[in-house]
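One structure is given below, encoded as structure tokens.
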There are 2 protein chains.
Amino acid sequence: MTGHDADETAAPDAPSRRRFLLGAVTGAAGGVLVGAGGVAALDGGSTGRATPTTSAGTPGVDPHGDHQAGVDRPAALQRHVELAVLDLPARLPSRDDVADLLDRVGERVTTLVVGTDPGLGGLTPTRLTVTVGVGPRVAAAFLGDDAPAAQPLPAFARDDLSPATEGGDVLLLVRCDVGPAAARAVLALRDETGLDVRWTATGFAGPPEGLAARNLLGFHDGLSIPRTDAELAATVWSRTPRGATTLVVRRMPIDVARFGAQPVDAQQRTIGRERATGAPLSGGTQADGPDLNAKTDDGQYLVPADAHVRRAHPLPAGLDGLMLRRSYSYADGPGAEGLLFMAFGADTDLFVRTQQRLDEQDALMAFTRATASASFLVLPGFTPGRGLGSVLRD
Amino acid sequence: MTGHDADETAAPDAPSRRRFLLGAVTGAAGGVLVGAGGVAALDGGSTGRATPTTSAGTPGVDPHGDHQAGVDRPAALQRHVELAVLDLPARLPSRDDVADLLDRVGERVTTLVVGTDPGLGGLTPTRLTVTVGVGPRVAAAFLGDDAPAAQPLPAFARDDLSPATEGGDVLLLVRCDVGPAAARAVLALRDETGLDVRWTATGFAGPPEGLAARNLLGFHDGLSIPRTDAELAATVWSRTPRGATTLVVRRMPIDVARFGAQPVDAQQRTIGRERATGAPLSGGTQADGPDLNAKTDDGQYLVPADAHVRRAHPLPAGLDGLMLRRSYSYADGPGAEGLLFMAFGADTDLFVRTQQRLDEQDALMAFTRATASASFLVLPGFTPGRGLGSVLRD
């Protein structure tokens, strides 16, 4: 981890920020910025939450490195998410214009994370991450039809989409422990692009309980995910472009009342894990994956045939590896409560094949559908010397 | 503070809950429940956030006492709010039927706060409060035309309401540090009433910075509020019915981008306080009220004539005392970002006269309007022996 004095209270041209932009911190993947006030040294891999006592010196997660922030780091989800999907003009701008736009966005991300951006309105961007992606149209045009996420998602059985909530050209994914700071950051970035907003979403997470927070159903969400560098390299980071990844986002209303009206035992058989502990019904702890072959003495599967963790498991599908799920809850009003499903992967194939398996058979799918859906190529990391849009020029 | 063993993991009829419901804890105004796990002893007046490490034993704020929870306690706002405004049938049910309904809601509030309610889905209701009120139609019918909030709010200059977002018969105000638990609690309570939903809102707050958190504008919100028992008795608690109060709720989109595009100095003159510290422009600290007479050497008011803190100040209006403001931020999409204004008062007159003064002249009003608005009689506190609806029968 590379320490750095980022003076959040300094004027935009103060030396500390210039130093930062000129590259005093480079490629500190997994590292974080440390505030001048010394209030909070945030570890991107820690589950601890920052507790700022002043408005100064509590910056976000270092945006620089091989990969953007907000994918694997920080390891523990921030409490608040703001997502905006933007449209480029119907006639796609030139490669250079799009790359320049993304460069500008990356620069803005840096000032937001350091905390010097006027768009924050003086709010403290505690554990702020910004993750930027481009939709299939942009990926295909500038990186080729074979690039990750260059092909739109296929239609799924439970899609309930409108043109206004499907796809999109530019993803802005902002996460932060301070809700108002996340909202201001996404406003500032939208303003920076000048693009039209296609759809947006906002969500929240409870505190982690062990390895993951609980979703609206009361179950831990995101327990079986890649965490080590080797696991991330195997299934999350794309090879071409190097350091990229993809994100699938789906807004999934859930019939929480109907799910919750079931006895806890039925809820657990729907999911395949214990609600209280997160442990698979086949035994072990929340850190363990399910043993899909484990049976009772009378030959019944401990993890039922239609349990969500079985149907979503890569093994029976002949698939390899895990998606990096980073989902949030949302509650936009009656009938609009559910999950903002978000999953990163080296390409979108693993998600597509998994969702198709869930559509065939999965006890959880009876409680949900998708009212918004999109996939993006998440751009590789950037550095002070190499802008966020560079990959489009390569 | 009255300690109590609330076994969150126990079955609904386990002894600990029965003891609670039968009155082992009574009238512990300001007190809180302590979890069996001993994980977090929550102080309603503390700014500390609970950090549960297990799903067990982290209950909400004691709902019993002279006043409902969620008005003055806890002193520091929870991080998440869910608000639902419900309609009774067009032909108002009988006094007894409405009182019975409110009794049932009160009982449900108790099990939610203790953490044993199945509607929570196993989520931890950290610092959960539920505050229940009735709209003008109900207050007038059962408590008389002179009861607090028995008269609807008048129209205001910047109202931009629809019938669907104005008024309503029953208020459910749920606040919690765990967003999914708040969402589940309001769902459970809506389900308990069986009433139609008129409108809902969801909001979030950053952590307190000194005496208050910052809103989307980056300014501290709710610094000048009644805090001591004497201050609360003077302006917040109604005399008849004893222990009641009123709540005004207004959803106010704010043009955050336009406000934020101003130099900080102009932002500060609009509000009348320093953004960084919360101190009035007349000097002092964030704990101080503005000195409205203070002038520069050349005779200019330090707090400008149209500054929000001057126009909203009770003194120039010949008014007495302060509203208990408990506002949240919200971000529902482009053009729908702003403030969920909430203010408690012994009656709604102080709010009405203050808003009329703001409509005459106030630098902040140029950036906002109201797209939802309602006022409620917040019922007096209840106890295990005297239900939430009792006041309607008295």
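Numbered from 1 within each chain, the chains take letters A, B, ... in sequence-line order.
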(request) Measure the shortest side-chain to side-chain distance between B:V178 and A:P207 over non-hydrogen atoms and say whether it is less than 4.5 angstrom. (result) yes
(request) Could you tell me whether the side chain of A:R184 and the main chain of B:V256 form a donor-acceptor pair under 3.5 Å? (result) no
(request) Give, as side chain, backbone, both or neither, the part of B:E82 having an atom under 4.5 angstrom from any heavy atom of chain A. (result) side chain
(request) For residues B:L216 and A:L123, report the shortest heavy-atom separation together with the two atoms involved. (result) O-CD1, 4.1 Å
(request) Output the option from B:A181, B:P180, B:A257, B:G179 having the highest count of non-hydrogen pairs under 4.5 Å with chain A. (result) B:P180
(request) Mind checking salt bridge (Lys or Arg N to Asp or Glu O under 4.0 Å) for A:R325 and listing every partner two or more places apart, or none if nothing turns up? (result) A:D221
(request) Count the heavy-atom pairs under 4.5 Å between each of A:G206, A:P334, A:A182 and chain B, then report the option with the highest count. (result) A:P334
(request) Please look at B:L187 and chain A and tell me whether the side chain, the backbone, both or neither of the residue comes under 4.5 angstrom of a heavy atom of that chain. (result) side chain
(message) For the CZ atom of A:R214 and the CG atom of B:L120, what is their distance to the nearest 0.5 Å?
(response) 11.0 Å
(message) Can you tell me which portion of B:A188 sits under 4.5 Å from chain A's heavy atoms? Options are side chain, backbone, both or neither.
(response) neither
(message) Is A:A205 in contact with chain B via its backbone, its side chain, both, or neither, using a 4.5 Å heavy-atom distance?
(response) backbone
